[in-house]
2 protein chains.
Amino acid sequence: MANPLTRKLEAFAPLPEADRRLIDDICRNPRDVGPREDLIREGDDPRDVQLILEGFACRYKLLPNGRRQITAYLIPGDFCDLHVFILRAMDHSIATLSPCRAVAIPRHRVLELTERPAIARALWWASLVDEAVLREWLVGVGARGADERIAHLLCELLMRLRTVGLATDGAYELPITQAELADTVGLTHIHVNRVLQRLRAEGSITLKGKQLVILDVDKLMAFSGFDVNYLHLSESNGKKEPCR
Amino acid sequence: MANPLTRKLEAFAPLPEADRRLIDDICRNPRDVGPREDLIREGDDPRDVQLILEGFACRYKLLPNGRRQITAYLIPGDFCDLHVFILRAMDHSIATLSPCRAVAIPRHRVLELTERPAIARALWWASLVDEAVLREWLVGVGARGADERIAHLLCELLMRLRTVGLATDGAYELPITQAELADTVGLTHIHVNRVLQRLRAEGSITLKGKQLVILDVDKLMAFSGFDVNYLHLSESNGKKEPCR
DNA sequence: CCGAGAAGTAAACCTAGGTTAACGACATGG
DNA sequence: CCATGTCGTTAACCTAGGTTTACTTCTCGG
């Protein structure tokens with residue numbers, strides 16, 4: 001299967017063959033990381049950039065009151081901390097959720113990437129999309145009820161996983177605990193459970209183990225007020241095949 | 001008073017004199033915009049970039065359920081939509097809150113800015129800070145109680161306004177309605193009112209008309225779990241004078 | 001194949017914040 | 001100087017979601 005970073009960037013625009021090879025080359029020596037391990041901690045000044053190749057990771061912040069808020073999911077093809085070039089210290093932490101495969105890319109190799117115009121533009125695009133996703137999460141937590149909020153998240157993950165080839169139709173693997181989901185959407189794990197029960201009961205989803213199936217994607221999107229628009233996928237993407 | 005954009009960017013690193021002059025030049029013909037006016041609407045493909053010179057504006061999103069979520073405050077020195085160069089359509093709207101003075105900067109002039117290395121780096125920094133602020137808002141809405149959430153926002157605004165010279169000590173002008181605050185923090189305007197009453201009663205703040213005074217800044221920061229860190233101000237900034 | 005911890009479920013009960021409905025205090029403009 | 005509208009304030013009542021506790025079902029190492 002194609003490199004997830006390549007797939008993701010090509011959701012913006014196709015890359016020259018040479019760029020794809022560069023990306024492949026950079027991903028040569030990945031390492032495996034267990035679940036629930038910190039990749040970068042708040043306050044760190046990391047020296048290389050982490051790229052997720054397999055599994056789910058997240059950005060999160062711990063509060064004095066003991067609560068944790070997850071502010072982003074990092075899925076295959078996502079960079080952890082491109083900020084590194086500008087900012088001194090991390091203002092949040094990053095941890096794996098599931099077992100992951102990741103590469104630590106040293107600064108100079110990242111520069112090789114950004115010297116390729118097509119990649120540079122695509123990375124800029126990706127960072128704008130990340131910001132849009134963040135905004136959408138804020139909207140969800142601030143203004144959507146629990147059910148819509150979770151349904152919306154499931155739709156978003158579907159679309160994002162599709163672009164890296166990890167979802168077909170409405171089905172994908174969601175290697176995440178209900179408690180982690182709770183820290184994501186700002187609810188208790190118990191209430192998350194209630195919502196999932198409800199979504200199951202009304203026939204919207206199926207979720208056994210880590211296998212999620214959205215039974216009627218359009219319906220769930222309508223219900224949760226999901227509008228793909230904010231993911232800024234090129235027209236060639238989304239429902240159809242990635243551009244050749 | 002110095003140009004707010006210059007002041008803001010110099011919170012990252014000092015700019016060469018020529019860069020400052022360029023910024024001044026670009027801000028030559030501002031226009032006045034009344035309160036509650038849309039500057040850019042969701043779906044638009046705007047042709048120039050808006051820069052706020054005076055007043056408060058905001059990014060927001062309207063939901064099918066009729067609620068509105070404000071996802072960012074734009075204060076003097078903030079750009080509205082640098083995304084323009086990459087993305088086709090806005091995925092959210094931008095409106096003024098108070099009366100504003102703004103400049104519409106055509107694309108080619110923005111390019112002049114980004115050709116100056118010091119400015120380009122500072123703009124990159126600014127966009128990373130915007131993202132950090134967004135994350136912090138998400139943390140607030142997702143994991144802080146109403147009182148801390150609002151207190152935290154007031155602290156954040158204090159720090160941001162200080163860097164553009166619009167706050168001294170704990171005092172600044174907050175030209176925003178309680179209903180707008182409510183749409184920001186994900187509460188009802190009625191509950192926002194309750195919280196403000198409480199903060200007043202316990203002697204944390206003073207707020208008459210649009211004049212806000214935080215009576216004991218350190219105390220309010222401690223209470224709300226505010227850690228300046230995420231604004232990534234250079235050490236020379238924050239409490240002290242901007243670097244000469 | 002067994003045992004222990006992690007994840008999921010369930011039910012009873014509680015509270016932070018929402019809703020509704022007034023009313024008072026300013027503004028603004030005619 | 002009144003009329004009208006927006007903003008802030010209060011109070012009574014309500015509900016979505018939180019808390020607590022406990023039981024069940026996985027999972028996985030030994």
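So that the names make sense, note that chain A is the first sequence line, chain B the second, and so on, each numbered from 1.
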**Message:** Taking side chain to side chain donor-acceptor pair (under 3.5 Å) as the cut-off, I'd like each qualifying pair that reaches into residues 94-103 of chain A, sequence neighbours left out, listed once.
**Reply:**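 For residues 94-103 of chain A: A/Asp32-A/Arg101.
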
**Fill in**
Quick note, side chain to side chain donor-acceptor pair (under 3.5 Å) partners involving residues 45-56 of chain A, not counting sequence neighbours, are A/Arg31-A/Gln50

**Item:** Sequence-distant partners of B/Phe226, ring pair (Phe, Tyr, Trp, His ring centres under 6.0 Å), two or more places apart
**Value:** B/His152, B/Tyr230

**Partners passing ring pair (Phe, Tyr, Trp, His ring centres under 6.0 Å) against B/Tyr73 (at least two apart in sequence or in another chain)** = B/Trp137

In whole angstrom, give the distance that lies between atom [atom1] of [X] and atom [atom2] of [N].
X	N	atom1	atom2	value
B/Ile205	D/dG8	CD1	P	12 Å
B/Leu212	D/dG8	CG	P	13 Å
B/Lys208	D/dT9	NZ	P	12 Å
B/Ile176	D/dT6	CD1	P	19 Å
A/Leu196	C/dG8	CG	C1'	10 Å
A/Leu97	C/dA6	CG	P	17 Å
A/Ile150	C/dG8	CD1	P	12 Å

**Request:** Return the angle between end axes of the helix from C/dC1-D/dG30 to C/dG30-D/dC1, with five pairs used per end and rounding to 10°.
**Result:**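 Helix axis angle between the two ends: 50°.
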
Nucleotide N/O to protein N/O under 3.5 Å, stretch nucleotides 12-20 of chain D:
residue : atom : partner  : partner atom : Å
D/dG17  : OP1  : A/Ala146 : N            : 3.0
D/dG18  : OP1  : A/Thr188 : N            : 3.4
D/dG18  : OP2  : A/Thr188 : N            : 3.2
D/dG18  : OP2  : A/Thr188 : OG1          : 2.7
D/dG18  : O5'  : A/Thr188 : OG1          : 3.4
D/dG18  : N7   : A/Arg194 : NH2          : 2.5
D/dG18  : O6   : A/Arg194 : NH1          : 3.4
D/dG18  : O6   : A/Arg194 : NH2          : 3.3

Residues that [X] engages under side-chain hydrogen bond (donor to acceptor under 3.5 Å, both in side chains), provided they are two or more places apart:
X	answer
B/Ser93	none
B/Glu180	B/Arg36
A/His191	A/Arg194

**Asked** Which pairs count as salt bridge (Lys or Arg N to Asp or Glu O under 4.0 Å) when at least one residue sits in residues 61-74 of chain B, sequence neighbours excluded?
**Response** A/Glu136-B/Lys61, B/Arg68-B/Asp183

With respect to the phosphate group of [N], does any side-chain polar atom (N or O) of [X] fall under 4.0 Å of OP1 or OP2?
X	N	answer
A/Thr177	C/dG8	yes
A/Gln178	C/dT9	yes
B/Arg200	D/dG8	no
B/Arg36	D/dC7	yes
B/Asn193	D/dT9	yes

**Prompt:** salt bridge (charged side-chain N to carboxylate O under 4.0 Å, His left out) between A/Glu202 and A/Arg198: does it pass, once the steps are laid out?
**Reply:** CA-CA 6 Å; A/Glu202 64 190 42; A/Arg198 236 174 282 158; over 6 Å; no

**Message:** Restricting to salt bridge (Lys or Arg N to Asp or Glu O under 4.0 Å), what partner residues turn up for A/Arg149, sequence neighbours left out?
**Reply:**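 Expected list: none.
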
**Asked** Backbone N or O of B/Ala143 within a donor-acceptor pair of the A/Asn65 side chain at under 3.5 Å?
**Response** yes

**Request:** Could you tell me which non-hydrogen atom of B/Leu153 sits nearest to which non-hydrogen atom of B/Thr184, and how far apart they are?
**Result:** CD2-CG2, 4.1 Å

Show the distances under 3.5 angstrom between N or O atoms of the protein and N or O atoms of nucleotides 24-30 of chain C.
none

